[in-house]
Amino acid sequence: MIRTIGAVVALALGALPALAQPAISVEPRGAVLRGNRLHVTITAAGFPLEGAPAEVWVGGRPAGTVRVSNGAQEVTLETVRLGRGEQRIVVRAGGVEGETVVRPIAGWLTIVPPFLAIALALIFKDVLIALALGVYSGALILYDWNPLTAFARSADSILVPALADGDHAKIVIFTMLLGGIVGVISRSGGTHGIVERLKGLATTARRGQVATWLMGLFVFFDDYANSLIVGSTMRPITDRLRISREKLAYIVDSTAAPVASLVPISTWIGFEVGLIAAAFHQIGFQQNAYLAFIDSIPFRFYPILALVLGLTIAFSCRDFGPMLRAERRASETGKVVADGDTPLADVTTGALAPPEGAPLRASNAVVPMLVVIGVAIVGMYVSGAAGLDRAAHGGTGEWLREVFGNAASLDSLLWASLSGLVVAVVMAIAQRILSVRESMAALVEGFKAMLLAIAVLILAWAIGHVTGELHTADFVVGLTERVLSPHLLPVLVFLVSAVISFATGTSWGTMAILMPLVIPIAHRLSLAGGHAQTGEVYYVLMLGTISSVLAGSVWGDHCSPISDTTILSSIGSACDHIAHVRTQLPYAVAIGTAGMLLGDIPTAYGLSPWISIALGSAVIIAGVLIFGKRSDWRGEAAAPAPSTSAPRG
């Protein structure tokens, strides 16, 4: 025994010098943009010589000398421009060597996968095939155009990480659980009960659409919850009123992200303020990041005007473009879903019809949904307040903003959806409307209704993974570096944000990419133009730049068929996804254009943002009243029961 212990100790002691050996790792690996400055991140572990000189070699040629110390540091090699073919990067310091291999690619190739997916989806109206081909095209570029390797890596190196991401998994589970709630409350008669209860109130298309818009404002705390809760709750009512699923999805989408991005208390606030604070610290700007966020709200013309257009469309019942055709189809034929369209969530299955003679009680739907909303808010408060010092914050408003900014929003949504599901099942069983087995069957049917949606979400995330590996955002930002000026910066940043959000399908990712880049650019351009750092012009340009990132991200998100919030709006409304994108796109483009022409450009030259909002709102209302047309049947009486059946295309 003693010999054995001695041997183990000797082995352990002998291993200590090996563990203490210094090591150097070098990033990036894989694809990099050809012709760009090379950014190399050197991570040293156990390095004995603080500040030791290290030689960097690229492609067998010396590229410069840097100082290496323990920890990670980013080094920009200003003189290195990568050509074609694989390049070996070697870092040598103190007899220790680290290396990586990169493969430079042409910048224009980085935008091929997202735009191929978007174009194919809009042309062929099949989002699954379009997204899959987009992912495969990205894999071809990443894996040196080898078709077999690209096919295999599309699964294990792209799709798996897209689903394995913790936040993505939470969204999948939340979506499935909410689908289970819808399945149970539909089977227990709760959904039909809401329709019966609201028959006397939502008697016209106007009332149904305005009620949907107001409910979108009510669920302000999170855009994901907004899209799924509002869509699934209002869908039976809008179906009865012969309002097309495209219109329902539009109203849901036009309130979800705009409201969550604007209100001072939401799941967005902590993320946005954190990005602003980090950028302010980077340039040494002594300004409270939260106050800058609040001050930037009037400059966020797209989400504000999107809310104005949504209410105007809902109240006037006037539409134009593809949405007008969808509304006329629904009103004239009763088909809220067009022939050949495939709703992302299948809510028409007969398996979810209430049992014969079951009571149709609205409470069986209202109570579980209120539990979802209530538990989500409480969960965010509890998780956000944990570890925060109440005394360190002034008033209640500041405290609540800090709490919701610090909240574990996705965890709270999981707790909320699981609680709502349990309540829905217990209520159905306690009233003897459903047995335990019938409740579980309804739950499974609700899960099944979400499978297509989950597949679309995973593929959309995979496209986002591909664009990250290809550095799509870096390429887009690089295109604008030479055309920036202080007064044009806000509108250019708005456009760049929209393009990146459109191509990557993520508004949050766009904010994270651009905020650290454009705030320092605004700072440098303003100082170069002679504006003092404390001057009003400087601060206005800074606010315009910040708001352009936040607003442009939402605009691109609204226009993109690979956006998760756009997909969730289609899921909650049980709308064909491409039909939703096609009908919403003209509205989003109109609002984005109005925001630039009447907001971003004139305010950069000194016009008050409140005047811009008033002008933009007036133009929107006048445009809808002049150019919009009403569907033929839009009278004051409710329409006959619609048809939701659509042949599977």
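Quick note: numbers below take in every heavy atom, side chains included, and nothing from hydrogens, waters or symmetry partners.
- Ser570 is linked by a side-chain contact (heavy atoms from CB on, under 4.5 Å) to Leu344, His577, His580, counting only residues two or more places apart in sequence or in another chain.
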**Prompt:** Does the side-chain contact (heavy atoms from CB on, under 4.5 Å) test come out yes or no for Val230 and Thr255, once each step is laid out?
**Reply:** CA-CA 10 Å; Val230 176; Thr255 55; 5.8 Å; no
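- The distance from atom CD1 of Ile251 to atom CD of Glu246, rounded to the nearest 0.5 Å, is 12.0 Å.
- In this structure the side chain of Val589 reaches within 4.5 angstrom of the side chain of Thr593, judged on heavy atoms.
- In this structure, the separation between CD1 on Ile562 and CG on Asp557 is 9.5 Å, given to the nearest 0.5 Å.
- With a 6.0 Å radius and a threshold of 12 heavy atoms from other residues, nucleotides or ligands, Trp145 has its CH2 atom above the threshold.
- Side chain of Ser501 to backbone of Ser497: no donor-acceptor contact under 3.5 angstrom is found.
- In this structure, OG1 on Thr545 lies 4.0 Å from CG on Leu489, to the nearest 0.5 angstrom.
- Taken from CD1 in Ile111 to CG in Leu109, the straight-line distance is 9.0 Å, to the nearest 0.5 Å.
- Residue Ala462 comes nearest to Leu159 through the heavy atom pair CB-CD2, 3.7 Å, listed as atom of the first residue, atom of the second, then distance.
- Among all heavy-atom pairs drawn from Cys575 and Ala249, the shortest one is CB-CB, 4.1 Å.
- Across every non-hydrogen atom of Pro161 and Asp156, the tightest pair is CD-O, 3.8 Å.
- The line from CG of Asp253 to OG of Ser573 is 8.5 Å long, rounded to the nearest 0.5 Å.
- Between Arg245 and Asp576 there is no salt bridge, since no side-chain N of the basic residue sits under 4.0 Å from a carboxylate O of the acidic one.
- Closest of all the heavy-atom pairs between Arg235 and Ile571 is NH1-O, 4.2 Å.
- Between Trp555 and Tyr302, the ring planes lie tilted relative to each other; the angle falls in the 30° to 60° range.
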**Asked** How far apart are the C-alpha atoms of Ile129 and Leu133, what are their side-chain angles, what is the distance that settles it, and do they pass the side-chain contact (heavy atoms from CB on, under 4.5 Å) test?
**Response** CA-CA 6 Å; Ile129 294 177; Leu133 290 176; 3.9 Å; yes
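- Residue Leu550 holds its CG atom at 11.0 Å from CZ of Phe494, rounded to the nearest 0.5 Å.
- Checked against salt bridge (charged side-chain N to carboxylate O under 4.0 Å, His left out), Asp165 has no partners two or more places apart in sequence or in another chain.
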